[in-house]
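Only one structure is covered here, and it is reproduced in the block below.
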Amino acid sequence: DYVGLFSAYMGPGRDEGLGFMAPQMYENTDEKINTLYANGLKLMYIAIGRFDFLYAPNTAFRAKLDAAGHPYTYLETDGGHIWKNWRLYLCDFTQKLFK
């Protein structure tokens with residue numbers, strides 16, 4: 001019921017040099033997302049750094065959620081795809097669980 005995306009790749013399921021093991025995970029994503037929300041998703045948490053190389057796919061994913069009217073919590077920080085950010089995101093995310 002809780003989804004936390006920390007600098008997540010939210011694009012098509014093809015290997016772009018990022019080493020995808022299961023591209024089928026990215027099939028029918030709109031249907032999967034709608035099912036999550038229909039089944040009572042309590043929190044969709046998205047966090048990313050402004051200079052993360054995955055910033056653009058995350059922006060597109062948020063636009064998709066906005067278009068569908070799906071609520072989410074968003075945190076944008078300085079920096080990029082780094083451990084410092086993920087520790088911050090984990091701390092913030094866990095405080096929102098089970099509320």
Side-chain angles (χ1 to χ4, degrees):
D1 291 345
Y2 300 85
V3 175
L5 304 173
F6 308 163
S7 300
Y9 180 74
M10 300 305 300
R14 60 181 183 265
D15 189 339
E16 296 174 344
L18 299 174
F20 288 107
M21 299 300 290
Q24 66 274 17
M25 289 175 39
Y26 296 94
E27 294 173 0
N28 304 315
T29 55
D30 291 345
E31 181 181 328
K32 290 174 184 175
I33 291 165
N34 290 334
T35 299
L36 278 174
Y37 280 95
N39 289 335
L41 180 70
K42 293 179 180 156
L43 175 64
M44 172 69 75
Y45 179 92
I46 304 167
I48 192 157
R50 281 181 201 91
F51 304 108
D52 194 309
F53 71 98
L54 296 173
Y55 188 86
N58 275 257
T59 300
F61 180 66
R62 286 187 295 112
K64 182 180 288 203
L65 293 177
D66 290 339
H70 295 315
Y72 57 90
T73 297
Y74 178 65
L75 176 63
E76 184 174 299
T77 60
D78 288 328
H81 202 80
I82 56 174
W83 283 107
K84 178 182 175 185
N85 280 346
W86 301 326
R87 286 190 296 269
L88 174 68
Y89 305 157
L90 182 60
C91 182
D92 189 50
F93 175 66
T94 54
Q95 292 178 53
K96 294 175 180 0
L97 296 177
F98 312 112
K99 288 190 175 183

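For clarity, every value in this text was computed on a predicted model and none was experimentally measured. Both backbone and side-chain heavy atoms feed into the values below; hydrogens, waters and symmetry mates do not.
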- Could you list the residues that satisfy side chain to side chain contact (heavy atoms under 4.5 Å, CB included) with Ala60, not counting sequence neighbours?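 If we apply the side chain to side chain contact (heavy atoms under 4.5 Å, CB included) test to Ala60, skipping adjacent residues, there are no hits.
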
- Query: For Leu88, what residues pass the side chain to side chain contact (heavy atoms under 4.5 Å, CB included) criterion, not counting sequence neighbours?
  - Reply: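 Applying side chain to side chain contact (heavy atoms under 4.5 Å, CB included) to Leu88 gives Thr77.
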
Rounded to the nearest 0.5 Å, what separation is found between the [atom1] atom of [X] and the [atom2] atom of [Y]?
X	Y	atom1	atom2	answer
Asn85	Leu90	CG	CG	12.5 Å
Leu41	Leu36	CG	CG	5.5 Å
Leu54	Leu5	CG	CG	11.5 Å
Ile82	Ser7	CD1	OG	8.5 Å
Tyr45	Gln95	OH	CD	9.0 Å

What residue pairs, at least two apart or across chains, pass salt bridge (Lys or Arg N to Asp or Glu O under 4.0 Å) with a residue in [range]?
range	value
residues 44-58	Arg50-Glu76, Arg50-Asp78
residues 53-72	Asp30-Lys64
residues 80-90	none

- Does one hydrophobic cluster hold both Trp86 and Leu43, with members joined at side-chain heavy-atom distances below 4.5 Å?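 Yes, one cluster joins them.
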
- Query: Would you say the side chain of Tyr89 lies within less than 4.5 Å of the side chain of Leu75, judging by non-hydrogen atoms?
  - Reply: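 Sidechains of Tyr89 and Leu75: in contact.
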
- Message: Tell me which pairs pass ring pair (Phe, Tyr, Trp, His ring centres under 6.0 Å) where either residue lies in residues 56-79, with sequence neighbours left out.
- Response: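 Passing the test, one end in residues 56-79: Tyr37-His70.
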
- What pairs with Asp92 under salt bridge (charged side-chain N to carboxylate O under 4.0 Å, His left out), at least two apart in sequence or on another chain?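 Scan of Asp92 (salt bridge (charged side-chain N to carboxylate O under 4.0 Å, His left out), adjacent residues dropped) gives Lys96.
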
- Message: Walk me through whether Leu65 and Ile46 qualify under side chain to side chain contact (heavy atoms under 4.5 Å, CB included).
- Response: CA-CA 11 Å; Leu65 293 177; Ile46 304 167; 3.7 Å; yes

- List for me each residue that meets ring pair (Phe, Tyr, Trp, His ring centres under 6.0 Å) alongside Phe51, sequence neighbours excluded, and say none if there are none.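 Not a single residue meets the ring pair (Phe, Tyr, Trp, His ring centres under 6.0 Å) criterion with Phe51.
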
- Begin from the C-alpha positions of Thr73 and Phe93 and carry the test side chain to side chain contact (heavy atoms under 4.5 Å, CB included) through to its verdict. CA-CA 9 Å; Thr73 297; Phe93 175 66; over 6 Å; no

